[in-house]
Each structure stands twice: as C-alpha cells, then as structure tokens.
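Below you'll find the structure, written out as structure tokens, and then a few comments.
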Amino acid sequence: MKVLSAALLGTGLALAATTATAATEMRCSHQLPPAHAVSKVIDRWAAEVETLSNNEIDVQLFGANSLVGAKENIVSVAKGDIECAFSVQFQWGRTLPIMTVTTRPFAFGDLNIWRNWDGSEAANFLEDKLREKGVENVVWLFQTNDSVFTSKGKYLKAPEDFAGVKMRGLVPAFNSAIEALGASPVSMSGGEVYQALATGVIDAAMTGTDAAVSRKYFEVQDHFTVVPVISVYFHGYVNPDWYAGLSDAAKAALDEAGAKAAGWAVEAAEEAAAGAPEALTAKGVNVYTLTAEENAALEAVMQPAFDKAFGEGDADSQKLLELIDALRSGS
C-alpha cells in the first residue's frame, strides 16, 4: 500500500509503462487529512486489501484532495479516470439523495445500526442504487453519530440561537432543517470549512466531534455544542469495469477487507467520540453537551422540515428507513 501525492503520480505512471508487474493498480482518492480517524481506517483497509489479495491489487492512496477534489471523486471513478474513491454521504446530495438518509435529524443515534450495517439488506439496497449510478461499492466506513455545532462568541443551543447565522450546509433536505431554525446554510465539503470560517464566509459550522479536532476548527471557533443530530459515514467505491476485470480471489479480498474495515470504523468512531469533547476542551475552547430536553427542542423544529424536503411519500426512502429500523438494538 502506498500513500501518494499527485506530484508523484506522473512518476508512478511512467514507471508503470516501463516495468512489468502482475499487480493491478488501484488509485484511491479521498478528501481526509492524515490525522482523521477515518483516514487511518482507510490506510488499514488498503494494507488489508493487498495482504488478502496476495498483492494482486496495488492500492495507492491519495488523501487530502491531492489527486481529485471531493466534488469530482464520484464522476472520476464512474468514468474510469481513477479506479477508486471514498466519499462522505453528503457528496451524493443531488445525484443520489437517498444516500443522505442518515442526515435525518436525531434519527440515527443507535450504534447498532452501524455495527450491523455491513452485508445488511439496507446496505445491499444502497449498493444496488450505487450501481445504477455507475460505481461498485466495496466498503462502508461509519464516522460518527456525535456532532458539534461550532460558533464564535456564543453557543448554538436553542432554535432561536440560529436566527440569521450563516452556517455550513450539507445536503438539500438537511439544509431545509437548518433553514427552519432561521439559519442560512452554505453547502461545502469538509476541506473548505476551515477557510470559510476563518474568512467569515460562514459564521458557524456543523461537523463530527472528532473532525472538529483533526481539522483544527478550534483555531477559528471558540464555542462547540455537542449534539447527536446526524450520523456521518464514508464509503469506498470502484469503477465497475475495473472491478469486473479482477480475479475472483481479488474480489473476495475486497469483500473480506471491506467487512473488516466496517468493524474497525465503528471501533474507531467510539474511541474518537469518547475522547473528542475532552480534546476540544484541552484546546482552550468552550464545550457544552446538550441535554435531552434541548435536543428535543431542536428535533421538533428540524425533523419535520427535513422529512418534507426528503420526500415523505417516496417509496424507496420509506423502504430504506424500514430496513434500517431492523438494524436497531442489535436485531
């Protein structure tokens, strides 16, 4: 497994043209910085793919948007420009909105959903939808169900605190929930948020508690409100033609590595969530965890607005929600 930069890609391609090798190249792009918990799981997954495939697959990782930008990953893989990428579910907001179901406010706090996710009917349902969009899913990586509202000068705790605030948006349905609070959402990828906060493009943001630490939001915001508002996951996918050309053994290696990595991601998420609030406090910022009553007040405003925008009458959405319900409480 190699962790590369775009500057090295040309050299690698030149060598590939002159060096015979039995390995199948698998260039994987993602947006995450090296310190991010999911980035570390991706590193571990890549090494496992190579081990299980007996090095038939040569995984080359390009993190931090160093090969393809977060917004271009899906199209680049579908077209075959690169073999593999990882995206957070928000990137599917307009292309495949059903992928963003876990942004339904306060609906996905049960970790058993994610412990039971890999290989489930719910996962298979979304994998079929992804195939229709031209990619083959190979791994699901849960990040967090613990988020923070970041702000400067005051906490964002009650619905009225959001009035007039420009804050990071995610996907259309969730943005409707933010608008219901009186805020103005501005959608952007995680890698763009720090600069937007630093320059005043937005006043506030929402991110995973762990990501607030790894992306150093504490340098540009001083109040962090911990809230279980959404669940965030990444997933890895490959070009279908590239996948079809693999041997059965290589495909089995991807399956096994994906199943292992799904479990590692949940473990990493639990560890990161447990330590993130304390890590933020250690940076000298103000951290507050909402009470059950405060969560309920936000849910009462946000969830109806999300449901209306997401499509309450959409048959596929309702089927997916039913399949996800079957994963709760260890069932």
Side-chain angles (χ1 to χ4, degrees), residues 31-33 35-39 88-90 102-109 111 114 142-162 165-171 174-175 177-178 181 183-198 201-234 268-299 301-303 306:
Q31 69 191 59
L32 300 169
H36 196 288
V38 174
S39 182
V88 68
Q89 81 256 39
F90 315 139
T102 62
T103 60
R104 186 175 190 246
F106 301 94
F108 291 90
L111 266 181
W114 306 105
F142 171 67
Q143 178 188 334
T144 187
N145 60 359
D146 216 9
S147 304
V148 285
F149 291 133
T150 80
S151 52
K152 198 167 186 178
K154 69 172 186 177
Y155 289 115
L156 299 177
K157 296 164 58 175
E160 55 268 24
D161 296 332
F162 291 80
V165 174
K166 292 181 297 181
M167 69 182 299
R168 179 200 180 185
L170 298 176
V171 295
F174 187 79
N175 290 354
I178 292 175
L181 292 170
S184 299
V186 181
S187 293
M188 60 184 68
S189 70
E192 299 173 296
V193 176
Y194 181 99
Q195 188 67 19
L197 290 169
V201 172
I202 54 175
D203 308 312
M206 193 201 71
T207 189
T209 313
D210 57 328
V213 178
S214 65
R215 291 190 182 277
K216 300 183 179 181
Y217 287 9
F218 51 82
E219 294 180 348
V220 290
Q221 301 270 267
D222 55 19
H223 283 68
F224 294 78
T225 305
V226 181
V227 53
V229 64
I230 66 170
S231 280
V232 180
Y233 67 87
F234 280 76
E270 291 183 283
E271 182 179 346
E278 184 177 336
L280 279 172
T281 301
K283 298 298 182 182
V285 296
N286 303 287
V287 181
Y288 177 78
T289 300
L290 291 186
T291 65
E293 293 76 13
E294 288 167 330
N295 284 329
L298 290 173
E299 178 181 344
V301 177
M302 298 179 73
Q303 200 172 94
F306 176 94

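We use all heavy atoms of the structure for the numbers below, so side chains are in, but hydrogens, waters and symmetry mates are not.
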[X] versus [Y], closest heavy-atom pair with distance:
| X | Y | result |
| --- | --- | --- |
| I178 | R168 | CD1-O, 3.8 Å |
| G169 | N175 | CA-OD1, 3.2 Å |
| H36 | S214 | CD2-OG, 3.7 Å |
| D222 | V285 | O-CB, 3.7 Å |
| F234 | Q143 | CE1-OE1, 3.2 Å |
| A276 | V213 | O-CG2, 3.9 Å |

Mark yes or no for whether [X], through its side chain, and [Y], through its backbone, hold a donor-acceptor pair below 3.5 Å.
| X | Y | result |
| --- | --- | --- |
| T225 | K157 | no |
| T209 | D146 | yes |
| S39 | A35 | no |
| T144 | G208 | no |
| D203 | K166 | yes |
| N145 | G109 | yes |

Counterpart residues, salt bridge (charged side-chain N to carboxylate O under 4.0 Å, His left out), relative to E270 (two or more places apart): R115
Qualifying residue for ring-ring contact (aromatic ring centres under 6.0 Å, His included) with F149, from Y155, Y288, F162: F162
side-chain contact (heavy atoms from CB on, under 4.5 Å) between T150 and L197, worked out: CA-CA 10 Å; T150 80; L197 290 169; 4.2 Å; yes
Centroid separation F90 to F174 less than 6.0 Å: no
Looking at [atom1] of [X] and [atom2] of [Y], how far apart are the two atoms once the value is rounded to the nearest 0.5 Å?
| X | Y | atom1 | atom2 | value |
| --- | --- | --- | --- | --- |
| N295 | L290 | CG | CG | 5.0 Å |
| E299 | R104 | CD | CZ | 8.0 Å |
| Q303 | F106 | CD | CZ | 9.0 Å |
| T103 | Q89 | OG1 | CD | 6.5 Å |

Non-neighbouring partners of R215 that pass side-chain hydrogen bond (donor to acceptor under 3.5 Å, both in side chains), sequence neighbours left out: none
Other residues, nucleotides, ligands: >12 heavy atoms within 6.0 Å of E271 CD: no
CD/E160: more than 12 non-hydrogen atoms of other groups inside 6.0 Å: yes
Intermediate values then yes/no, side-chain contact (heavy atoms from CB on, under 4.5 Å), I230 and M206: CA-CA 10 Å; I230 66 170; M206 193 201 71; 3.2 Å; yes
Aromatic ring pairing W114/F142, orientation class (parallel under 30°, perpendicular over 60°, tilted between): parallel
Residue pair T281, F224: steps toward the side-chain contact (heavy atoms from CB on, under 4.5 Å) verdict: CA-CA 9 Å; T281 301; F224 294 78; over 6 Å; no
Derivation of the side-chain hydrogen bond (donor to acceptor under 3.5 Å, both in side chains) call for Q31 and S189: CA-CA 9 Å; Q31 69 191 59; S189 70; 5.2 Å; no
Side-chain heavy atoms of T207 within contact of S147, under 4.5 Å: no
V193 vs I202, side-chain contact (heavy atoms from CB on, under 4.5 Å): CA-CA, chis, key distance, verdict: CA-CA 8 Å; V193 176; I202 54 175; 4.2 Å; yes
